Amino acid sequence: MKIRDISRMAWEQVKRRKVVTGLCMTGISIGCAAIIVALSVGQSAQVYVTEQVNQNFKMDEIMVTPGGGPPDLGKGASAGGSGEVNENLDPGKLTDQKLKIIQGLKHVKAASPFHQAGYLQMVTIDNKISDVQVIVADLQKLSAYDHKFKQGGANGQVGSVVLNHGATLGLIDLETRQKLFDQMSADPFNQELYQQYDKMATVPSELYRKQIQIQAQDYSSTTPVFKLSSPLQVGGILASPKGVDDLRASYEKIMYMSPETAQQLSKELMFDNSTTSVLTLPPEGSYNSITVKVDDVANIKPVEQMIQKLSLNAQDNLFQQEMLKEQFDMIKMAALGIGVFILIIASISIIVAMTMSTHQRRRQIGIMKVLGANMGQIRNMFITEAALLGLLGGLLGVAFSYLIVMGLNKLVGSAGDGMNFFIPTMNLPVGMSFAIMTGVLSGIYPAISASRTDALTAIKRD
């Protein structure tokens, strides 16, 4: 018999025994769907968590801080396009010269200081007030660090600042603010006051192209002494990060300003009886830290090595990604084990069904042997039949897995979560392979048993 004849006979048996075929397909399809869905859920969760971690930890960024030891640019630094060694570079000090070298390195998209200068009060022209964190940075490079502008943009003018979305929320006048704080202090368990505070904290204010001032207080004085800076122009408003609501955004109020603007404010907000400014700034021409944006996560380590040759410390967040990978690999293996266990149970049902089929078809097997069919041809027919059951069960399992994922997305969507489940294409052949392999392995014993059936005994008995 040819392969085509064996396949045709196996297909006829699969179609004829509808109940057995249906039961075997159901078992295999459940196992196949379990494997595909389990792997897909694990990968979907890994993608979602990785995106969230990237938003918070910035996997493609390197934090550079001053180090120690003599500078060594070596070949790695020269490969980045800036190979000149400046003998005036101070060992371990993070200077303007080193910043320019880092900016010229290969694979570096941007390098800029993001210096936290302190927390001060922002006052609008209508006397609304809010506490903001002042960050000194190169405003022209904010977009390179995944900051998107909702209004306006960055410019190089002294006195121009950029606010994040949270800094535009919850601005209230000083009297109302103090009155609410006093009420909350007097009645700390009053939930209505806290709800009122949360509601006021998310009220937006239109600050784009408006003038604001920075207010500083001299805490060393026995009587409250305040100083106001010269007016600052809000040149841009950043968009709120994806997945962050207004209440959460209101807890992070940031004002970005250029180093030149920060130096100007530092002089303006100096109190007469103090030698230090309310703004904490590094010495001019040097930095406490800079953030380096790399074009791809795969290039983080090579860039780090080149930066370390400048006698600087470089730290990344790749360990977070490695920890996540280890955890999700364990989840995937556990999910795969559950699917394989279901397929093993399904294989038992196939073995039982095929063995019963062998017993019921012994007269047919005897006639085939009398007509010249050898043991190998009969064995191949039963294995082909089992493989067809595995193939059909795998196809049904693929359909089930898509239905399950659609249901999970609807369930998660109704809960308001931003996670989206999907089935990677590479998971489909994995599930199909397990299904067909289960069918073939389950059909080996019945096939061998059928091939050993004695022809004359089978014909006489029936």
Side-chain angles (χ1 to χ4, degrees), residues 51-52 55-58 114 116-137 139 142 145-152 154 160-217 219 224 226-229 231-257 265 269 278-280 415-418:
E51 289 178 353
Q52 296 299 313
Q55 288 182 5
N56 294 295
F57 294 100
K58 303 295 184 182
F114 282 85
Q116 299 180 7
Y119 288 85
L120 295 172
Q121 290 183 333
M122 177 180 68
V123 183
T124 64
I125 55 176
D126 53 354
N127 288 326
K128 291 184 178 179
I129 193 168
S130 178
D131 297 319
V132 296
Q133 181 185 19
V134 177
I135 293 183
V136 181
L139 302 185
L142 286 177
Y145 290 87
D146 302 327
H147 293 294
K148 296 181 180 180
F149 281 90
K150 180 176 65 175
Q151 292 176 297
S160 177
V161 298
V162 173
L163 302 179
N164 75 335
H165 178 67
T168 65
L169 303 174
L171 280 86
I172 53 179
D173 61 273
L174 187 59
E175 183 179 350
T176 304
R177 173 179 170 174
Q178 191 61 46
K179 181 179 178 181
L180 182 59
F181 283 169
D182 291 341
Q183 290 176 344
M184 293 172 66
S185 299
D187 190 2
F189 299 104
N190 191 334
Q191 294 299 320
E192 292 183 0
L193 290 176
Y194 285 95
Q195 291 175 2
Q196 182 182 353
Y197 176 77
D198 289 341
K199 186 176 180 180
M200 294 178 65
T202 56
V203 175
S205 298
E206 182 56 51
L207 296 178
Y208 176 54
R209 289 185 176 177
K210 298 291 179 65
Q211 288 190 341
I212 59 172
Q213 290 177 287
I214 296 297
Q215 178 175 271
Q217 180 178 353
Y219 292 98
F226 296 94
K227 258 194 176 184
L228 280 175
S229 70
L232 303 173
Q233 182 81 18
V234 179
I237 305 290
L238 298 179
S240 180
K242 182 180 178 181
V244 178
D245 58 18
D246 284 350
L247 182 59
R248 182 179 168 188
S250 66
Y251 292 111
E252 187 178 35
K253 303 175 184 291
I254 300 176
M255 175 188 293
Y256 296 94
M257 64 177 59
L265 291 182
L269 300 178
V278 293
L279 285 176
T280 306
D417 201 323

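All heavy atoms count here, side chains included; hydrogens, waters and symmetry mates do not. If you read the sequence from its start, that first residue is 1, and numbering goes on from there. If you're wondering where the values come from, they're calculated on a predicted model, not measured in any experiment.
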Nearest 0.5 Å, what's the CG-OG distance between L171 and S250? 11.0 Å
What's the spacing between Q121 CD and F226 CZ if we round to 0.5 Å? 6.5 Å
Heavy atoms only: give me the nearest A167-I254 pair and the separation to one decimal. CB-O, 3.8 Å
Which heavy atom of V136 sits nearest to which heavy atom of A117, and what is that distance? CG2-CB, 4.0 Å
Please tell me if the side chains of Q217 and V278 come closer than 4.5 Å, counting only heavy atoms from C-beta onward. no
Considering all heavy atoms, the nearest M257-L265 contact: CE-CD1, 3.4 Å
Could you grab the distance from atom OG of S130 to atom CG of L207, nearest 0.5 Å is fine? 9.5 Å
Between CD1 on residue I129 and CD on residue Q213, distance to nearest 0.5 Å: 11.0 Å
Side chain to side chain, N127 and D173, heavy atoms closer than 4.5 Å: no
Rounded distance (nearest 0.5 Å) linking atom NZ of K210 with atom OG1 of T124: 9.0 Å
Tell me whether the count of non-hydrogen atoms from other residues, nucleotides or ligands lying under 6.0 Å of NZ in K199 goes above 12. no
According to the interplanar angle, ranging from 0 to 90°, do the rings of Y145 and F114 count as parallel (below 30°), tilted (30 to 60°) or perpendicular (above 60°)? perpendicular
Is there a donor-acceptor contact under 3.5 Å from the side chain of Y194 to the main chain of F189? no
Please report the shortest heavy-atom distance between A201 and L169, naming the atom on each side. O-CB, 3.4 Å
Has E206 got more than 12 heavy atoms of other residues, nucleotides or ligands less than 6.0 Å from its CD? yes
Can you list the residues that meet the side chain to side chain contact (heavy atoms under 4.5 Å, CB included) rule with L180, with sequence neighbours excluded? Q183, M184, L193, Q196, Y197, M200
Given the rule in the side chain to side chain contact (heavy atoms under 4.5 Å, CB included) test, do V234 and Q151 qualify, once you have shown the distances and angles that lead to the verdict? CA-CA 10 Å; V234 179; Q151 292 176 297; over 6 Å; no
Return the CD1 to CZ distance between I237 and F149, rounded to the nearest 0.5 Å. 9.5 Å
With distance as the sole test, does Q233 use its side chain to make a donor-acceptor pair with the main-chain N or O of R209 at under 3.5 Å? yes
Which is it for L279 and L120 under the side chain to side chain contact (heavy atoms under 4.5 Å, CB included) test, yes or no, and what are the steps along the way? CA-CA 9 Å; L279 285 176; L120 295 172; 3.5 Å; yes
Neighbour count above 12 (heavy atom, 6.0 Å) for Y119 OH: no
Within the structure provided, determine whether V203 and I172 are in side-chain contact (heavy-atom separation under 4.5 Å). no
M255: which of V162, I135, N164, I214 passes side-chain contact (heavy atoms from CB on, under 4.5 Å): I214
Quick one: closest heavy-atom pair of I125 and Q211, and the distance? CG2-O, 3.3 Å
List the atom of L269, the atom of L228, and the distance in Å for their closest heavy-atom pair. CD2-C, 4.1 Å
